[in-house]
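Below, chains carry the letters A, B, ... as their sequence lines are ordered, and counting in each starts from 1.
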Protein chains: 2
Amino acid sequence: MSIEEKKRLQRNDRVTIRTVATHAGVSVAAVSKVMRNAYGVSEALRARVTDAIEVLGYRPSRAARGLRGRSFTIGVLLIDIRNPFLPEVIAGVNGVLAPSHYQAMIGVSDARVQLETSLIESMIDYKMDGLILVAPRLPSDIIAKFAAQIPIVAVGYHDVGATAFDTVNADDQRGAEIAVEALLACGYRDIEMLSLGEREGHQVSVVRQREIGFRRAIQRAGLGSSAPITKIPIAPPKREETMRKFLSRKNRPRAVFCWSDLDAITLLSLAMEMGVRVPEDLAVVGYDNSSTAALGLVNLASIDQSGRELGQVATRTLISRIEGRTGAEHIFQMPSLVSRNSLTRSGKAPVT
Amino acid sequence: MSIEEKKRLQRNDRVTIRTVATHAGVSVAAVSKVMRNAYGVSEALRARVTDAIEVLGYRPSRAARGLRGRSFTIGVLLIDIRNPFLPEVIAGVNGVLAPSHYQAMIGVSDARVQLETSLIESMIDYKMDGLILVAPRLPSDIIAKFAAQIPIVAVGYHDVGATAFDTVNADDQRGAEIAVEALLACGYRDIEMLSLGEREGHQVSVVRQREIGFRRAIQRAGLGSSAPITKIPIAPPKREETMRKFLSRKNRPRAVFCWSDLDAITLLSLAMEMGVRVPEDLAVVGYDNSSTAALGLVNLASIDQSGRELGQVATRTLISRIEGRTGAEHIFQMPSLVSRNSLTRSGKAPVT
DNA sequence: CGTTATATGGAGAACGTTCTACAACTCGTC
DNA sequence: GACGAGTTGTAGAACGTTCTCCATATAACG
């Protein structure tokens, strides 16, 4: 009877916790206990159950788990999958998660608030155990409201005042300062920043933080109180146009700090096309130290904020919150300069 | 009583289908019917229910849905998030899914069979509605076994014999032929291929297909029966070393077709470092037409296989299968050449 | 030997949906 | 006015877990 039932189940249907229970000759509750290694199971029982699990190839249904308890999944929300910095963060997340029983599921919002919201809601509806939001666009109070329903860590989101969720960031202000200091050390005095134009004045965004650091460093060097910042529009056709205009300006600066390698590399390409020599006519420092920047053909000096490390730290922070920590943590990491030929001919930064 | 209950529920807990039902004064089943717009609901009832849903801000639990019926989620499995070709595929998937009520959740396997398997299993365990596997490493029979449990479309996986799942591919054989034909048209006769060394002889992989196309084109041109193929090891340190060795070989060919822009761009960088002029000393054609290839600094001729389109087609194919189609489809798309300076000085390919 | 503490296993109620089967009601139609 | 057909709504059993009691067995102790 029990054997027949077993066979029938094995032939047709999914192996459920019930299949395992009958096979091992124990109750469903016992199997569940073993799975969650909860208190109150003898060694003998545990062995019987694990054997049955092995033999039957049982995998608990995440859907059912999510309905009642934990789902052992953490959601990662990426603003954009094309910026080569973001995959690094994912690599960090996966690295930490791999040896654990957690898994990452990724959603891509394409920088659209609408989609971002609905993805976060979906992840909550899946009863995921926690969320890592990478450079989210949503305002802080909305994120806080979500954080009441699920543990959240935001990466690349400067909001040290947040009490409902944690943040993990590179110190973007300091990163910008380091870039400017390097340019100063090379003797450049006429320095401009290429930044990203964003809809709102999102103070939390990494870009705004870099602007703040840029301004501070310029002023600290006594180079006038108005640090010039050119904003690059987000729409692709205008993007190149703005850079071309910048390169052909009569009062083009001697050096430029660009908010991201993404645009810095395009700038280098356009400079080559237009006959502007780098670094002789224009020195360039980018941000992110992406793999493309390291190519011999490109050779772009850049500020390195290890995305991988950011991902690792964010994951550990999230897990500690899932496991009961309350009270927000706000973690900062120190970026560093990677000097290359776009800074000086030799590629070496002068020692300060 | 009913009002009090409503209030209590609203204050504390999640808004469930039951909350909506009591609020609208109908049964749970009725609400479910409206949600799934099933047969047998009057306009009046539908209106009452949709109103209640609106007012309460009800969102069905994906976890619970998954337990019983559809979850309206499709899983995408990426082998690697760093190759800039793959995000394009995601963009295509998201584009098709956006207006629908489906959502994509992405898993990254980092080319590890172990992780790939467990991610696929997880997605099944979440009762996702279908899977898009991008360049999976798993053998065909294993995928077929999974396909018995969930609709599957494989992208970048050449297995036209598969009956259990669909495939969507660019014609990689033809792509390689086009590359060789372009090089021939430029007058180069001494052509070699840089390919990727893989553990097994995975005939299904895009790389192998490109090798087949390369060989055929070379033989068709009457250039000897043994088309020379150099394999690049997967491990990063050896990777550069192999390319350096290739570039410094005495019998280095006049032209090279590289399996992917990823390596072609590194090759260009090394060539510059080592004083090998492109295209005067060595002409190069890559594969994927990645955004980096288009940069002025790089200017790499490449075979374009629109990843975005691949993603779109795969998604439509998957949805049609989810909605009942049986019998495998195997779809091919035609790649094309994008000529740039790594092919000829002018960047234009001669007309054949 | 009776009483109490402790360790182990199980019954069964959730969780929030879907969906089958059926009840109730409205029309025609003979 | 009885009967079938069609329409609209509902009750309630799944789905596969988790987890709170509760029952039983064993040990400890006076």
Send over the distance from A:Ile53 CD1 to D:dT17 P, rounded to a whole Å.
10 Å
DNA chain C nearest-nucleotide lookup for A:Lys127 and A:Gly40: closer to the 5′ end is A:Gly40
B:Thr317 versus B:Asp166, side-chain donor and acceptor atoms under 3.5 Å:
no
Applying side-chain contact (heavy atoms from CB on, under 4.5 Å), run through B:Arg65 and A:Asp125 and close with a yes or a no.
CA-CA 10 Å; B:Arg65 272 193 156 168; A:Asp125 297 344; over 6 Å; no
Is there a side-chain contact between B:Tyr39 and the phosphate of D:dT7, meaning an N or O under 4.0 Å from OP1 or OP2?
yes
Restricting to nitrogen or oxygen on both sides, can you table the protein-nucleotides 23-27 of chain D pairs closer than 3.5 Å?
none

So, with a heavy-atom separation below 4.0 Å from DNA chain C, the residues of residues 58-68 of chain B are B:Tyr58, B:Arg59, B:Pro60, B:Ser61, B:Ala64, B:Arg65, B:Leu67, B:Arg68
Nearest-angstrom distance from the residue atom CZ of A:Arg46 to P of C:dA7:
16 Å
Side-chain donor-acceptor pair under 3.5 Å between A:Thr73 and B:Tyr126, yes or no?
yes
Quick one: does any side-chain atom of B:Asp110 pair with a main-chain N or O of B:Arg112 as donor and acceptor, under 3.5 Å?
no
Please report the distance, rounded to the nearest Å, between CD in A:Glu43 and P in C:dG9.
10 Å
With the threshold set at 4.0 Å, does a side-chain nitrogen-carboxylate oxygen contact exist between A:Arg59 and B:Glu121?
yes
What is the distance, to the nearest angstrom, from the CZ atom on A:Arg14 to the P atom on D:dT17?
6 Å
In this structure, how many angstroms lie between the C1' atom of C:dG12 and the CD1 atom of A:Ile17, rounded?
14 Å
Minimum heavy-atom distance between B:Ala328 and B:Ala162, given as atom pair plus value:
CB-O, 3.3 Å
Give a yes or no on whether a salt bridge exists between B:Arg137 and B:Asp80, defined as a side-chain N under 4.0 angstrom from a carboxylate O.
no
For A:Pro87 against A:Ile81, the heavy-atom pair lying closest together:
CG-O, 4.4 Å
Atom CZ of A:Arg18 to atom P of D:dC15: distance rounded to whole Å?
8 Å
Taking atom types as modelled, find out whether B:Thr50 and B:Arg46 have a side-chain donor-acceptor pair closer than 3.5 angstrom.
no
Expressed in angstrom and rounded to an integer, what is the separation of A:Asp125 atom CG from C:dT17 atom C1'?
12 Å
For DNA chain D, the residues among residues 26-37 of chain B that have a non-hydrogen atom under 4.0 Å from it:
B:Val26, B:Ser27, B:Ala29, B:Ala30, B:Lys33
Heavy atoms of A:Leu77 and A:Ser109 approach each other most closely as CD2-CB, 4.5 Å
For the side chain of A:Tyr58 and the backbone of A:Thr19, is there at least one donor-acceptor N/O pair under 3.5 Å apart?
no
